[in-house]
Amino acid sequence: MEFLESLSSIPFYVLSVITVLCSLGMILNPNLVRAGFTLIGAFASISGFYFLLSANFVAVSQVLIYAVGIVLVIVFAVMLCSLKDEASKLQEYVFASRSKTVFALVISALTFSLLSFVIQSQDWETITKLTGATKYASVIDMVDEKYTSQIGYLMLNKYLLPFELISILLLVVLVGVIILSKKNISK
Amino acid sequence: MEIGQIGIISVVAILNGLVLLGLSIAIQRIFGIYNPGTVKNDTYECGMKSEMESQVQFDIKYYLFAILFIIFDVEFVFLMPWANLFNFMEAGTRGFIIMEAFAFVAILLVGLFYAYKKGAIDWNQEPA
């Protein structure tokens, strides 16, 4: 049985490898459209993590909004700007300058250390006690199939005003987009 | 299903895919004849010569449609828990829940009507 339990962590590692490879591909690819499409892989594998954690609603939102919507907008923005010549220049520029590479490395190292410090400094034992999950059963046992409707219940009762404000926000975005694109066309 | 079984199934699925893919690539590398050329690698376009690069500047209408898609995508995501909750509610409270969702959709319908009036949905018409 121990062999089987060690096998069960394999999907996690597979997803991690896919995420890291797709993210690296996105950063290192000089072709911006291809970089945008590798971003789909990164977002999709992150939603796979959410599925592993039984957070179905978050996973589906991740796919619908990030893997489809945001990537679509990024790719369209790239095709709109036609950055082909600039992109090749950009790659030369970034990797030619040593000071900029060092600066990027320092920023990445600082971000990584900050994130790992925050994760390490959490009192995970108290959190697991408060949420009622034991160490090995993890969060998966707490989540039942009514999870999505629980979100809906909170959204339509306690957080009703923010829920309705979201639609106002979306309306503002819609009107703003139409006005901005109108300005560009008349030019 | 046991979580170990899921592990075994995923390992078999991944190995199966990798082995088949690797085999087809290896067979092609061993037996295939690799002889590229400018004309050969060109995009096939009904026998015509291709005239320009594939990466051209696109019309802003595509971007407008993409943003419109995202707005209604987000709306759908927020309506999903509502639809899920609807099954679990008692008959008396369902009316109130329907009203809440209708208010949410109605505000966005105003936006849709605005987009329609401005000609943002009509592909051939310039937004006026």
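Below, chains carry the letters A, B, ... as their sequence lines are ordered, and counting in each starts from 1. Just so you know, these numbers use all the heavy atoms, side chains as well, and skip hydrogens, waters and symmetry mates.
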Is Leu160(A) close to chain B through its backbone or its side chain, or both, or neither, when contacts mean heavy atoms under 4.5 Å?
side chain

Please report the interatomic distance CD1(Ile40(A)) to OG(Ser45(A)), rounded to the nearest 0.5 Å.
11.5 Å

Per-residue contact mode, Val14(A) against chain B (heavy atom under 4.5 angstrom):
side chain

Quick one: what part of Ile71(B) sits under 4.5 Å from any heavy atom of chain A, side chain, backbone, both or neither?
both

Distance from Phe163(A) atom CZ to Glu100(B) atom CD, nearest 0.5 Å?
7.5 Å

Of the backbone (N, CA, C, O) and the side chain (C-beta and beyond), which part of Val60(A) lies under 4.5 Å from a heavy atom of chain B, both, or neither?
side chain

In chain order, what residues pass the ring-ring contact (aromatic ring centres under 6.0 Å, His included) check against Tyr50(A), with sequence neighbours excluded?
none

Quick check on the hydrophobic clustering: are Leu156(A) and Leu170(A) connected, directly or via other members, by side-chain heavy-atom contacts under 4.5 Å?
yes

Flag side-chain contact, heavy atom, 4.5 Å: Leu112(B) against Leu109(B):
yes

Phe65(B) versus chain A, the contacting section by heavy-atom distance below 4.5 Å:
neither

Could you check whether Tyr63(B) and Phe76(A) have their ring centres less than 6.0 Å apart?
no

I need the residue from Ala66(B), Ala115(B), Ala106(B) with the largest number of non-hydrogen atom pairs under 4.5 Å to chain A.
Ala66(B)

Of Ile70(B), Val74(B), Ile107(B), the largest count of non-hydrogen pairs under 4.5 angstrom with chain A goes to Ile107(B)

Which answer fits Phe69(B), side chain, backbone, both or neither, if we ask what part of it has an atom under 4.5 Å from a heavy atom of chain A?
side chain

Need one label for Phe86(B): side chain, backbone, both or neither, based on atoms under 4.5 Å from any heavy atom in chain A.
neither

CD-CD1 distance between Glu75(B) and Ile166(A), expressed to the nearest 0.5 angstrom:
11.5 Å

Which one wins on heavy-atom pair count under 4.5 Å against chain B: Val73(A), Leu72(A), Asn157(A), Ile70(A)?
Val73(A)

